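Each remark here refers to the structure printed beneath this line.
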Amino acid sequence: MSVRVVHIFLLVSSLISTCDALVIIRDSEGNAIYNNDNHINYLGVDLVNYTAAQACELFPDYRTCIDLDNELLNSDTCFIVSNETVETENGKQFFSCLSTEDNSL
């Protein structure tokens, strides 16, 4: 890995970990390989410790996220924007989600 790539990776990692957004990165099977503190705090669990199937058992709506990822992976585009509604103890919450594909990972 070149020095330039390392610097870009560190910059992006820093931005993702400190941003206000909920960020999760999944592999092609839907397993979480990274989720930032905001995502962990929102769900109350770090999904990196769970398989996709276990995450779907905990959060049935997680299947929708995996389905959107698969739609993206099987399309000719590099990103998909979706609007999602999540039921919580405090009622419905609405999110706009950006899914991106990076084949270089």
Side-chain angles (χ1 to χ4, degrees):
M1 190 181 296
S2 72
V3 174
R4 174 183 251 169
V5 172
V6 170
H7 285 249
I8 292 171
F9 175 77
L10 292 174
L11 173 65
V12 171
S13 296
S14 176
L15 290 172
I16 288 173
S17 66
T18 60
C19 73
D20 291 334
L22 281 65
V23 176
I24 185 166
I25 300 173
R26 289 182 284 270
D27 64 15
S28 61
E29 277 107 46
N31 300 306
I33 57 175
Y34 172 83
N35 50 168
N36 68 353
D37 288 339
N38 287 341
H39 196 273
I40 294 167
N41 293 336
Y42 178 76
L43 293 181
V45 65
D46 184 350
L47 290 180
V48 171
N49 299 318
Y50 294 87
T51 65
Q54 291 169 323
C56 289
E57 287 177 24
L58 282 172
F59 307 100
D61 291 338
Y62 192 73
R63 172 58 50 200
T64 302
C65 300
I66 294 172
D67 291 344
L68 285 170
D69 288 350
N70 286 328
E71 181 181 333
L72 175 64
L73 291 171
N74 294 317
S75 73
D76 293 332
T77 187
C78 294
F79 65 91
I80 293 177
V81 177
S82 62
N83 295 313
E84 298 180 15
T85 304
V86 178
E87 287 283 343
T88 67
E89 294 174 353
N90 301 322
K92 291 183 180 181
Q93 293 191 358
F94 302 95
F95 297 94
S96 290
C97 298
L98 172 65
S99 300
T100 62
E101 175 185 20
D102 185 347
N103 290 324
S104 66
L105 296 176

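Just so you know, residue 1 is the first one in the sequence shown, and it goes up from there. Model, not experiment: these values are computed from the prediction.
Placement of Ile24 and Leu43 within a single hydrophobic cluster is found when ILVMFWY residues are connected by side-chain heavy-atom separations under 4.5 Å, directly or transitively. No chain of hydrophobic side-chain contacts below 4.5 Å, direct or via other Ile, Leu, Val, Met, Phe, Trp or Tyr residues, connects Val48 to Leu22.
The backbone N or O of Asp27 lies less than 3.5 Å from no partner atom in the side chain of Asn31, so there is not a single donor-acceptor pair. Formation of a donor-acceptor pair under 3.5 Å by the Tyr62 side chain with backbone atoms of Gly30 is found in this model.
Rounding to the nearest 0.5 Å gives a distance of 12.5 Å between CG of Asp67 and CG of Leu72. Atoms CZ and CG, on Arg26 and Asn70 in that order, are 9.5 Å from each other to the nearest 0.5 Å.
Heavy atoms only, all atoms of each residue included: Ala55 and Leu47 are closest at CB-CD2, 4.0 Å. Residue Ile66 comes nearest to Cys56 through the heavy atom pair CD1-SG, 3.9 Å, listed as atom of the first residue, atom of the second, then distance.
You'll find the side chain of Leu58 stays beyond 4.5 Å of the side chain of Gln54, heavy atoms only. Within the 4.5 Å cutoff, the side chain of Glu29 has no heavy atoms near those of the Thr51 side chain.
Across Asn36, Asn35, Ile33, a single residue satisfies side-chain contact (heavy atoms from CB on, under 4.5 Å) together with Ile25, and that is Ile33.
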